[in-house]
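Take a look at the structure set out below.
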Amino acid sequence: YTVNYPLAFFAERMAPSDAKVVLPAPAGADPAFWKPSVETVQKYQQASLILLNGAGYAHWTRYATLPKTRVIVTAEGCRERFIRNERSVQHQHGPEGEHEHGDLAFTTWLDLELAACQAASVRNALLARAPDEAATINAKFAELENELSNLDARLRRAGEAWKGGPILASHPVYQYLADAYGLSVVSLHFEPEHALAEDDWNALDAELERHPATLMLWEGQPLRATEEGLRKRGIEVVVFDPAGQAPASGDFLSIMQANVERLECATGAKTCD
């Protein structure tokens with residue numbers, strides 16, 4: 001049982017063929033803030049392996065009694081210090097309702113070196129439980145690690161091409177991306193599927209006075225009116241899907257490949273049509 005899609009993907013890539021990998025958060029829910037039912041928590045408790053993210057991800061795990069011998073906190077040991085949120089603002093989106101992002105930033109896997117480290121934690125847990133499958137698990141990990149490393153290198157080149165220029169973000173989920181790749185990102189609290197109210201535009205304009213960005217990262221494609229309003233302000237929309245939930249099509253790597261390519265095009269790291 002896993003708490004987000006990146007971990008489920010890593011497990012699916014490496015686990016023996018008879019393993020069942022489960023991410024119970026329903027489609028449309030943000031696994032970071034989703035609250036499982038009592039019955040679902042019991043299923044976590046019965047799982048032979050429980051993959052947690054760490055860095056404050058999935059608040060419900062703080063209060064549930066999970067068997068410690070079967071819990072792997074995949075981000076532990078991958079970073080000396082996790083990133084703290086500068087501002088913790090209560091807001092609402094999706095079926096999870098009103099919530100705060102908390103003190104720690106938790107989308108650790110957007111630093112793809114950290115993602116590879118978390119994948120290594122998953123590999124180690126699988127090796128401990130299926131030692132007879134070691135050769136296959138290690139080979140699959142090596143392939144995954146190489147794919148993540150290639151994307152990491154491309155992101156580093158994109159960051160270098162942008163030379164620390166200011167960027168806005170629709171949501172405070174890009175802290176590890178910014179830290180790893182030298183991006184100067186300031187976050188607001190907008191949802192792509194919601195129209196921006198006058199107060200939202202005023203907040204954005206005030207932020208632009210302090211942080212004159214020409215790029216804005218979004219978790220999904222914003223409404224046309226939002227994109228047009230941003231374009232009038234000289235801001236290009238760049239969709240960078242954090243991939244916390246399973247996609248309707250593709251997989252974690254295909255989502256990250258598309259994210260990286262859009263950022264490369266926007267920063268001038270590659271020439272695009």
- Query: Is there side-chain contact between Leu7 and Thr74, with at least one heavy-atom pair below 4.5 Å?
  - Reply: yes
Polar contact flag, side-chain donor to acceptor under 3.5 angstrom, [X]-[Y]:
X      : Y      : value
Gln257 : Glu147 : no
Asp30  : Gln245 : no
Gln118 : Asn53  : yes

- Run the ring pair (Phe, Tyr, Trp, His ring centres under 6.0 Å) check on Tyr181 and Tyr174 step by step: do they pass? CA-CA 11 Å; Tyr181 306 112; Tyr174 299 109; over 10 Å; no
- Any chance you could lay out the ring pair (Phe, Tyr, Trp, His ring centres under 6.0 Å) test for Tyr57 and Trp109, step after step, and finish with the verdict? CA-CA 12 Å; Tyr57 191 95; Trp109 61 89; 5.8 Å; yes
- For Glu264, all residues meeting side chain to side chain donor-acceptor pair (under 3.5 Å), sequence neighbours excluded: Arg154
- Item | disulfide bond (SG atoms under 2.5 Å apart) contacts touching residues 227-272 (sequence neighbours left out) |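 As it turns out, the disulfide bond (SG atoms under 2.5 Å apart) pairs with a partner in residues 227-272, which skip direct neighbours, are Cys265-Cys272.
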- Output every pair passing side-chain hydrogen bond (donor to acceptor under 3.5 Å, both in side chains) with a member in residues 157-168, not counting sequence neighbours, ordered by first then second residue. none
- Message: Show every side-chain hydrogen bond (donor to acceptor under 3.5 Å, both in side chains) that has at least one partner inside residues 126-141, sequence neighbours left out.
- Response: none
- Task: Kindly state each residue pair satisfying ring-ring contact (aromatic ring centres under 6.0 Å, His included) with at least one member in residues 123-142, sequence neighbours excluded.
- Result: none
- Query: Should the heavy atoms of other residues, nucleotides or ligands under 6.0 Å from NZ of Lys270 be counted, would the total exceed 12?
  - Reply: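 Result for NZ/Lys270: enclosed.
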- Task: May I ask you to say whether Arg233 pairs ionically with Asp205, meaning some side-chain N is under 4.0 Å from a carboxylate O?
- Result: yes
- Task: In plain terms, say whether Arg262 and Asp241 are close enough for a salt bridge, that is, a side-chain N and a carboxylate O under 4.0 Å apart.
- Result: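 Judged by the 4.0 Å cut-off on N to carboxylate O distance, Arg262 and Asp241 do not form a salt bridge.
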- Note on the structure: Hits for ring-ring contact (aromatic ring centres under 6.0 Å, His included) against Phe9, two or more places apart or cross-chain, chain-then-number order -> Phe252
